[in-house]
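Lettering follows sequence order; numbering is per chain, from 1. Hydrogens, waters and symmetry mates play no part in the numbers below; they use all other heavy atoms, side chains included.
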There are 2 protein chains.
Amino acid sequence: MAPKVNRKTEIIKSATLLFSQDGFDRVTVKRLAHAVGISEPALYRHFKSKEAIYEAVLESIQDRLEYTQLFESLKDEPDIEVVLAEMANHIIEFFTLNIDLYRLLLYSALRGHEKAKHVFQIVRGTYIKFLQKQLDRLHSEGRIVEKRNDITARCFIGMVFDCSLGSTLWRGFQGKVHDPKEVVDNNIPIYVRGLKT
Amino acid sequence: MAPKVNRKTEIIKSATLLFSQDGFDRVTVKRLAHAVGISEPALYRHFKSKEAIYEAVLESIQDRLEYTQLFESLKDEPDIEVVLAEMANHIIEFFTLNIDLYRLLLYSALRGHEKAKHVFQIVRGTYIKFLQKQLDRLHSEGRIVEKRNDITARCFIGMVFDCSLGSTLWRGFQGKVHDPKEVVDNNIPIYVRGLKT
DNA sequence: TATTGTAGTTAGCGTTAACTAACATTCCTC
DNA sequence: GAGGAATGTTAGTTAACGCTAACTACAATA
């Protein structure tokens with residue numbers, strides 16, 4: 001009856017969406033099964049537990065990320081403005097295409113799920129570590145002033161992540177929701193002027 | 001038998017802590033009752049439902065906030081560095097004293113609870129609006145450069161909030177957790193240099 | 001053709017959640 | 001000190017959850 005797609009992938013896709021919308025606890029296995037178009041026990045053919053589905057969702061997130069091209073193109077960039085702008089755009093674009101992910105990760109991190117925290121740390125940490133390395137390099141080249149680059153990197157990436165979240169979290173609420181790109185365009189020059197020698 | 005404290009207040013206090021630790025859904029009424037030292041039905045004497053307890057928790061958060069003194073002292077401050085530093089310290093201090101709150105608010109906002117979103121918007125929005133007003137003033141006094149001050153304010157406050165959250169959220173994880181004060185001390189000069197005329 | 005594995009179904013088990021009925025005790029007020 | 005409100009208890013009910021038992025349909029292959 002059901003069309004012959006890859007059920008496992010289909011389940012992960014639906015689960016990612018549902019978990020990010022309502023959180024792990026408020027998504028029932030029944031609802032998830034119906035979202036895929038099968039019955040509950042059929043779902044258990046593919047995953048041994050609800051938790052296992054969740055684990056698979058987290059695994060799949062890591063696969064969706066692709067930084068190598070970005071990092072390659074920025075590793076010798078002399079202009080701090082270009083480094084910051086391209087990293088910010090990369091993050092924003094990713095979360096625009098995968099709006100569910102940041103919500104899901106944050107949700108899970110708040111819940112204290114160890115694996116989710118781990119994934120979040122990897123996603124966020126990869127950007128932070130790379131930016132820190134670039135800041136170190138740009139300082140050693142005499143292009144930017146001396147700073148605690150680990151902290152600067154953490155804050156900049158944090159700001160960009162926060163903006164990405166904000167645009168999905170606050171939609172329809174009193175506080176104005178700015179386009180993340182607009183936000184970054186306004187703030188990167190502040191950082192640049194604050195950092196350049 | 002029970003000591004004659006104000007039970008309602010006591011319940012709200014326990015509920016705030018538990019909800020912020022585990023989220024609304026993972027806190028059972030039974031657990032909450034035991035945390036207070038009474039039985040489940042006794043708790044229902046004071047609140048008509050679990051949701052009602054949650055509403056009361058949200059109400060109480062607004063009471064805990066106190067900005068007027070801070071705002072009064074900064075409304076004519078000529079130095080952007082002082083404005084940013086004192087606002088940041090105020091937020092950080094508040095969340096250090098009430099570590100549960102930001103988690104709870106964010107948790108609830110993700111869950112989509114309208115009232116929680118509203119409270120979060122008020123807490124965050126009050127800081128942002130005040131900062132924006134000060135940036136407008138400082139610009140009109142010729143002390144800082146022209147910017148989209150709504151965005152600048154939103155990002156700065158977002159950064160501070162993010163740091164406050166980070167210190168409770170990521171504790172014990174691979175990514176270094178910086179002391180929020182240390183973070184602010186490193187980054188405010190960047191903003192200041194980026195903004196000053 | 002018989003066998004086997006995969007993917008589905010219906011019906012229901014065991015547990016736990018929120019909440020309630022009915023009754024007991026304490027405490028304030030007259 | 002009697003009465004009533006406030007605050008507590010024990011022992012449930014109901015509904016929903018995660019998950020399973022038992023069985024079925026079907027395609028691929030020996």
Taking the six-membered ring for Trp, are A:F130 and A:F71 parallel (under 30°), tilted (30 to 60°) or perpendicular (over 60°)?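 Correct class here is parallel.
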Take the angle between the ring planes of A:F120 and A:Y102 and call it parallel below 30°, perpendicular above 60°, tilted in between.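 Answer is perpendicular, since the angle exceeds 60°.
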Nearest-Å distance for atom pair [atom1]/[atom2], residues [X] and [N]:
| X | N | atom1 | atom2 | answer |
| --- | --- | --- | --- | --- |
| B:R7 | C:dT26 | CZ | P | 14 Å |
| B:K50 | C:dT20 | NZ | P | 15 Å |
| B:H34 | D:dT9 | NE2 | P | 8 Å |
| A:D25 | D:dA16 | CG | P | 17 Å |
| A:Y44 | C:dC13 | OH | P | 17 Å |
| A:Y54 | D:dG18 | OH | P | 15 Å |
| B:L43 | C:dA18 | CG | P | 11 Å |
| A:F47 | C:dA7 | CZ | C1' | 14 Å |

Determine, using the 4.5 Å side-chain heavy-atom cutoff (strictly less than), whether A:I151 and A:I157 are members of one ILVMFWY cluster.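 No: no chain of side-chain contacts under 4.5 Å links A:I151 to A:I157.
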Can you tell me if B:H46 touches the phosphate of D:dA6, counting only side-chain N or O atoms and a distance under 4.0 Å to OP1 or OP2?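 For D:dA6, OP1/OP2 do not have a side-chain N/O of B:H46 under 4.0 Å.
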Compare side-chain N and O positions of A:S39 against OP1 and OP2 of C:dG8 and report whether any pair is under 4.0 Å apart.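 So the side-chain polar atoms of A:S39 never come under 4.0 Å of the phosphate oxygens OP1 or OP2 of C:dG8.
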Would you classify B:V27 as touching base, sugar-phosphate or nothing, given that sugar-phosphate means primed atoms plus P, OP1 and OP2, and contacts are heavy atoms under 4.0 Å?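 If one applies the 4.0 Å heavy-atom cut-off, B:V27 turns out to touch the sugar-phosphate alone, with no base involved.
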First encountered from the 5' end of DNA chain D, between A:E40 and A:R45: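 Looking at the nearest nucleotide for each, A:E40 comes out on the 5' side.
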Do NZ/NE/NH1/NH2 and the carboxylate oxygens of B:K50 and B:D25 come within less than 4.0 Å?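 Not counted as a salt bridge, because no side-chain N and carboxylate O are separated by less than 4.0 Å.
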Please pick, from C:dA18, D:dT9, C:dT9, the nucleotide with the shortest atom-to-atom distance to any side-chain atom of B:I38.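 Out of C:dA18, D:dT9, C:dT9, the nucleotide with an atom closest to B:I38's side chain is D:dT9.
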